[in-house]
Structures are given as structure tokens and as C-alpha cells.
2 protein chains.
Amino acid sequence: MSPRQVAAEPGAQLDSPAPLSRDAITHAAIEFIEHRGLERLTMRALAQQLGCGTMSLYRYVANRDDLVGAIIEELVDRSDLPELARRRFKNWQEMSVAAILAYKDLAVAYPGSFELLALAPYDAEPVSSHIERMATALQGTGLTERQAYEVLGGLDAYATGYLLVWARARGASGDASGPAALRKIRDIDEFERGLRVFVAGYEATLR
Amino acid sequence: MSPRQVAAEPGAQLDSPAPLSRDAITHAAIEFIEHRGLERLTMRALAQQLGCGTMSLYRYVANRDDLVGAIIEELVDRSDLPELARRRFKNWQEMSVAAILAYKDLAVAYPGSFELLALAPYDAEPVSSHIERMATALQGTGLTERQAYEVLGGLDAYATGYLLVWARARGASGDASGPAALRKIRDIDEFERGLRVFVAGYEATLR
DNA sequence: ACCTGAACACCGTTCAAGT
DNA sequence: ACCTGAACACCGTTCAAGT
């Protein structure tokens, strides 16, 4: 009989007699990060949470980086971003605002995990193809390729910088408000205002 | 005779018979990061570079976080940022562009170490007082306190997001150009263009 | 096929001791 | 005063083995 089948004392770990799988591991990892913080996510701690041996994880995940990649993919899947690339917008302004706000919603829903996505290499999956899909969609609303990448790059930089620092500060102190000094420049409600200012700037610049 | 005074074989480590000090450690750490990467900076490796025992570092540095704090302070000192806060500008546009460009110059000069600064907590020194000095200076050029923090927060978010991803990509691949996919949205020469677009947006918004 | 403990090569840091 | 090695409590991951 495998140790995993033995009844686990309740409360100590997740009530998961569910079989181990790449998805189960990924889901548990996200939950772990949101409850206990990214810096506490270790292969050993995650295994304990799942009630299995540390090495069992390596059946479904090549290594820690592979796990992080799976988390990123899962987060993008849970967001509105994939659906956005398929929708039709009447101009680039509406489309880019919608895309960046979906990005913000992801940060608000998963503040602990967000930095994995924000700091993920842009030249690897799934970020690279997401950027390309967005750029292509933007070109469908009248921008040239160069303009599409310019707007996308600029707005993405703003959103990444804003949300990354906001999410980190939020996680550092336990409460939801964050330190007072930071609130002055990183209130999440002010995010959209800055976004629209930036879009207005591009509007003026692109004629 | 202390082991540190023994002649070190040249090339193997820094030619530093210089006495150990907090500054010497900080300087060596920055050089280490820029040459070998942040992920390779460990207390053990840094001590070896300095030709001393690992524990000798702890005479001058409380722990790794304290060392990182010292690095951040040193980087800010080496930049144009402190001088900027003392200079006079005729309007907030010129001042904020100058400040953000000084921030960019720092990222270009120290791409390996930049993320320590970019990800440093905004509510701790020396970042917090720098932000306050900048906000005060901006109010001297006609902005209200609220407007000063709004512009500062927005432009800082853009710069942080842009430069952080650029610096990471630059360090990841060995060469100076970075992966082709990223160059499309993160050419360092395009940084200033986006900055001016954002400033133009605030110009229009603040009337 | 699925799971696992022991072991290895690392970390940061404490402690007790050297000169 | 300044420096240090041994040791501790961790990491991620390899390997050889269990069912």
C-alpha cells in the first residue's frame, strides 16, 4: 500500500486524497503561494502540503523552473487574457485598455504569484506568443506593426512596474492596504487613471 | 599572522590586500554581480573573491539583506539622482524627465544589479526618502502634492517595468542585444520615446 | 507505473574559538 | 579588535530502490 493512500490527519494538509498530477501540483502551488507566500514555496513544503514525498513531485514536474512555468500558464488560463486576443475591438485604445485591465485583474486576484508572471522571460512561452497575439490583434485595429509593439511595450512596462511593486508591498505587510508611504504612489485604484493618461499620450503622438 | 595578509595568488581573486571594510565589501559585491550575475552572488563566493573567510563579512554586514541594502545605497550614490533633487528646474516636465533618465542611466550602467534597486521596498531607505525629495521638488515647480505623487508614481512605474525586464533579458543571454523577440518591445533606445509620450499625456490631463 | 528515503552539493547564519 | 572553521538548519536535485 502506498503511503499516499493512508488516511492523512485532517487540517495538517490539504484534504486531497486526489491522485497526484501535474495540474493538482500546480493548483496546490498557487494556493500555497497565495496563503503562505512565494518565498516559502519549496519542493519539500509543497510535497508536505500535498501529503506526498518530495520526490514524487518530480514525476510530474521536471524541476522548480518547470513548476513555475506551469504556474504561469495556469494563471494566464484563469485570466481574461486568452479570451481577449480572440475578441473584436473597434479601436486600439479600447483593446489595449481592456488587455491591461485584464492583466491588473490577474495581479489583484493572485498578488502573491503575480511576480512570477511579471518577471517571466518575454522570449519564452507562454508570454512570447501572448505578446505576439496581442500585437497582431492591435494591427487589426489600424496600427502599423511598429506602432502596435510601441504601444504594447509602453503600456506593458507601466502595468508591470506598477503592479509588481504594488503586489510585493501588499504581500510584505500582512494586511491588504500596504505601507502608508507606498499607498501614496501605488493605490490600486489609481492604476487605471495612469493607464488612461498613457493611452491619451499615445493617442496624441500617433496623430 | 592573519591569513588575509598572506600573498594571494594573482588572478584567482581580486588584487585586494586592502583591509576589509563595509565599503570594500559593497564595491566587490557590485563588481561581482556585474561580472558574474546576481544569482551567483553568495556570501561564500563573495568572501572567496575578497580572499577572506566567509564569516569575516559578517563583521561589516549584518546579513545578506543588509549587504543588499548597502549595494542599493551605493548605486544611488553613484547615480545622478541625489544631485538631481538639489537642482532647480523651470517646470515639472523637465524635472521628471531628467529624473527618470538618470534612473535609466543607472540601469544601463549596472544592469546586473539594477533589479535590487527596482525591487527594493519603497517604504524603506533609501528609496522612501528619495521619493519624498522628488515629490517635494516637483511641488516646487507648480504641482499640487497629489499631482506630484501621481506623475512620480506613473513615470516610476513605467521606468521600473521597462528597465527591469530589459535588464533581466540582457543578463539572461550573454550578449548586449538580448533575444530578438524582446528587442521588438524593449529596445533601450525606445525608452525615452515612451517616457515623453507618458509625460505628454500628463501634460494634457493636468491641463 | 508510481512513489520514495538517503545522499550530495549547495545555501545563510550561529557559535565558540583563535590571533 | 579582527578574523575564522565547524556545525546547523535549510535548499534543489540525483540515484537507487521499493511497491
Side-chain angles (χ1 to χ4, degrees), chain A residues 1-9 12-14 16-30 32-33 36-72 113 115-116 119-120, chain B residues 1-8 12-14 16-29 32-33 36-72 113 115-116 119-120:
Chain A
M1 187 187 227
S2 143
R4 278 210 83 235
Q5 310 305 334
V6 175
E9 55 256 67
Q13 55 226 28
L14 286 185
S16 65
L20 221 42
S21 71
R22 188 174 171 90
D23 273 357
I25 292 171
T26 306
H27 295 336
I30 292 174
F32 186 101
I33 296 171
R36 310 197 26 203
L38 180 57
E39 72 287 350
R40 276 201 269 267
L41 179 75
T42 66
M43 302 302 276
R44 282 167 162 94
L46 181 58
Q48 194 176 25
Q49 183 83 247
L50 281 160
C52 68
T54 305
M55 292 319 300
S56 305
L57 302 178
Y58 287 84
R59 281 275 143 195
Y60 306 93
V61 143
N63 49 44
R64 199 183 190 278
D65 276 356
D66 186 37
L67 172 60
V68 167
I71 292 172
I72 292 172
S113 320
E115 77 172 87
L116 294 179
L119 296 176
Chain B
M1 184 187 228
S2 144
R4 277 210 83 236
Q5 310 306 333
V6 175
Q13 55 227 26
L14 285 186
S16 66
L20 221 45
S21 72
R22 189 174 169 91
D23 273 357
I25 292 172
T26 307
H27 295 336
F32 185 101
I33 296 171
R36 310 196 27 202
L38 180 58
E39 73 286 351
R40 276 200 269 266
L41 179 76
T42 67
M43 301 303 275
R44 284 168 162 92
L46 181 57
Q48 194 176 26
Q49 182 82 246
L50 281 159
C52 68
T54 306
M55 292 319 299
S56 305
L57 301 178
Y58 287 83
R59 283 273 144 198
Y60 306 93
V61 143
N63 48 45
R64 199 183 190 278
D65 276 356
D66 187 37
L67 172 60
V68 167
I71 292 171
I72 291 172
S113 319
E115 78 171 86
L116 294 179
L119 296 178

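Below, chains carry the letters A, B, ... as their sequence lines are ordered, and counting in each starts from 1.
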Just wondering, do Leu41(A) and Gln49(A) contact through their side chains at under 4.5 Å, heavy atoms?
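They are not in side-chain contact.
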Please state how far atom [atom1] in [X] lies from atom [atom2] in [N], giving the value in whole angstrom units.
| X | N | atom1 | atom2 | value |
| --- | --- | --- | --- | --- |
| Ile25(B) | dC3(D) | CD1 | C1' | 12 Å |
| Arg59(B) | dC15(C) | CZ | P | 14 Å |
| Tyr60(A) | dT4(C) | OH | C1' | 13 Å |

Under the side chain to side chain contact (heavy atoms under 4.5 Å, CB included) rule, what do Leu67(A) and Leu57(A) come out as? Steps first, then yes or no, please.
CA-CA 9 Å; Leu67(A) 172 60; Leu57(A) 302 178; over 6 Å; no
First locate atom CD1 of Ile25(B), then atom OH of Tyr58(B), and finally report the distance between them rounded to the nearest 0.5 Å.
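The OH atom of Tyr58(B) is 10.5 Å from CD1 of Ile25(B), to the nearest 0.5 Å.
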Say you draw a straight line from CG of Leu46(B) to OG1 of Thr26(B); how long is it, rounded to the nearest 0.5 Å?
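One finds 9.0 Å between CG of Leu46(B) and OG1 of Thr26(B).
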According to side chain to side chain donor-acceptor pair (under 3.5 Å), who are the partners of Asn63(A), at least two apart in sequence or on a separate chain?
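Partners of Asn63(A) by the side chain to side chain donor-acceptor pair (under 3.5 Å) criterion come out as none, since no residue qualifies.
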Contacts under 3.5 Å, N or O only, protein and nucleotides 6-13 of chain C:
{"residue": "dG12(C)", "atom": "OP1", "partner": "Met43(B)", "partner atom": "N", "Å": "3.3"}
{"residue": "dG12(C)", "atom": "OP1", "partner": "Arg64(B)", "partner atom": "NE", "Å": "3.4"}
{"residue": "dG12(C)", "atom": "OP2", "partner": "Met43(B)", "partner atom": "N", "Å": "3.1"}
{"residue": "dG12(C)", "atom": "N7", "partner": "Arg44(B)", "partner atom": "NH1", "Å": "2.5"}
{"residue": "dG12(C)", "atom": "O6", "partner": "Arg44(B)", "partner atom": "NH2", "Å": "3.2"}
{"residue": "dT13(C)", "atom": "OP2", "partner": "Tyr58(B)", "partner atom": "OH", "Å": "3.0"}
{"residue": "dT13(C)", "atom": "OP2", "partner": "Arg64(B)", "partner atom": "N", "Å": "2.8"}

Got a sec, which residues hit side-chain contact (heavy atoms from CB on, under 4.5 Å) with Asp23(A), two or more places apart in sequence or on another chain?
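Applying side-chain contact (heavy atoms from CB on, under 4.5 Å) to Asp23(A) gives Ser21(A), His27(A).
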Base-pairing string, 5' to 3', of DNA chain C - Watson-Crick or wobble, under 3.5 Å, | interstrand:
||.|||||...|||||.||
Identify, with sequence neighbours excluded, every residue that meets salt bridge (Lys or Arg N to Asp or Glu O under 4.0 Å) alongside Arg36(A).
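None.
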Residue pairs involving residues 40-60 of chain B (criterion salt bridge (Lys or Arg N to Asp or Glu O under 4.0 Å); sequence neighbours excluded):
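The answer is none; no pair qualifies.
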